[in-house]
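Structure first, commentary second.
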Amino acid sequence: MVETECHEFVMDQGAGGTVVFVGTVRDQTQDKEVLRLEFESYQPMALKEMKKIAKTVIDRWHAFKVSIHHRVGALNIGEIAVVIAVSTPHRKAAFEACAYAIDSLKETVPIWKKEVFADGEVWVAAHP
Amino acid sequence: MVETECHEFVMDQGAGGTVVFVGTVRDQTQDKEVLRLEFESYQPMALKEMKKIAKTVIDRWHAFKVSIHHRVGALNIGEIAVVIAVSTPHRKAAFEACAYAIDSLKETVPIWKKEVFADGEVWVAAHP
Amino acid sequence: MKVNILAFGIARDILGSSKDDVELQDGSTIGQLKQLLFQKYSKFADLASISFAVNEEYQEDDFQLNEDDEVVIIPPVSGG
Amino acid sequence: MKVNILAFGIARDILGSSKDDVELQDGSTIGQLKQLLFQKYSKFADLASISFAVNEEYQEDDFQLNEDDEVVIIPPVSGG
């Protein structure tokens with residue numbers, strides 16, 4: 001399971017705390033039932049942008065290790081879409097750094113999510 | 001692995017995010033090498049206090065599910081001591097609630113940690 | 001009256017035992033038990049804090065004890 | 001000069017293809033390419049935002065393009 005791998009990767013014998021964020025596919029958005037999600041990415045740039053986030057986390061919060069993982073393709077309800085794990089010497093930094101990482105991922109990493117409903121589909125956040 | 005179990009327990013099909021805090025045994029404290037930790041608890045009250053924390057997390061952050069798990073006995077360096085997992089409708093709440101839960105656990109739950117060094121041992125936080 | 005003491009962590013080390021019986025005047029409070037313990041075991045004064053629990057709940061100094069209550073000495077907790 | 005367009009997400013739907021070639025005057029910028037795309041595909045104006053990447057990096061409107069550059073249209077991202 002990717003979540004355990006991510007966490008095991010960031011475990012460090014000097015780490016005071018590891019914070020893991022797990023984003024799963026929700027079963028509804030604005031009261032409308034979602035059947036599944038489809039993610040696509042511009043992969044080489046997505047990896048570059050994820051590495052930038054990881055570098056910031058290491059520089060700013062002195063993280064020992066960072067793991068950022070995002071699935072692409074079709075995902076069903078309840079499936080894990082994203083896992084971010086951060087280990088730091090002190091736990092407060094791990095919470096801040098992990099929250100920063102997921103916030104940044106949602107802002108800068110070229111990944112696109114399409115919600116598929118019974119009666120159509122929509123690219124999330126595409127329109128104002 | 002307890003961490004995966006904790007996370008799987010809190011997964012919810014309506015959850016926007018799950019945040020997991022994992023506390024592991026550190027290899028040093030104030031530059032002194034720790035050989036192992038020994039945890040003991042006043043178990044019936046520890047469970048009661050953990051349930052109070054879980055209830056607050058559910059009431060205050062509208063969490064779907066909360067899992068709080070703490071090991072007792074002798075733990076070696078790198079072993080997991082505590083796992084807290086919280087799932088909420090929105091991810092910001094999951095970070096806040098999980099940070100609150102570990103902060104509270106450290107303040108109120110009757111669990112005691114003894115650090116064992118090569119040349120002695122000390123009950124953590126016992127003295128000012 | 002007699003109350004039963006249960007001690008954990010460094011409190012157990014100070015008592016030299018995880019259990020002890022203490023004789024108190026009827027109607028004594030946790031505050032009075034605390035004074036007695038501090039007189040008998042001077043090392044309690046060195047601790048960062050000390051709390052007490054009865055019926056698995058933290059109780060304040062003014063909590064009135066009853067015969068055969070189980071009073072748990074809670075030195076500074078350090079879980080996590 | 002010719003630049004190669006790569007489109008993802010809703011941008012691909014608007015183009016009707018994930019790839020396209022565009023003829024631009026030599027020395028054109030991303031800003032000029034953007035104008036041309038907005039003229040050709042009016043639906044771009046409905047998007048919440050639109051960014052461009054060259055060499056796998058976000059680039060601003062004043063970025064000067066070269067022959068055969070691969071320019072990636074990045075509609076609002078929505079990972080996570």
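Chain identifiers are assigned alphabetically (A, B, ...) following the order of the sequence lines, protein sequences preceding nucleic acid strands; residue numbering begins at 1 within each chain. Quick note: numbers below take in every heavy atom, side chains included, and nothing from hydrogens, waters or symmetry partners.
Rounding to the nearest 0.5 angstrom, the gap separating the NZ atom in A:K92 from the CG atom in B:D103 is 9.0 Å.
Atom NZ of A:K51 is surrounded by 12 or fewer heavy atoms from other residues, nucleotides or ligands within 6.0 Å.
Within residues 35-43 of chain B, no residue approaches chain A closer than 4.5 Å by heavy atoms.
Nearest heavy-atom pair, B:G17 versus A:F21, reported as atom, atom and distance to 0.1 Å: CA-CE1, 3.7 Å.
Contact annotation: the side chain of B:V19 approaches that of A:V19 to within less than 4.5 Å [non-hydrogen atoms, C-beta and beyond].
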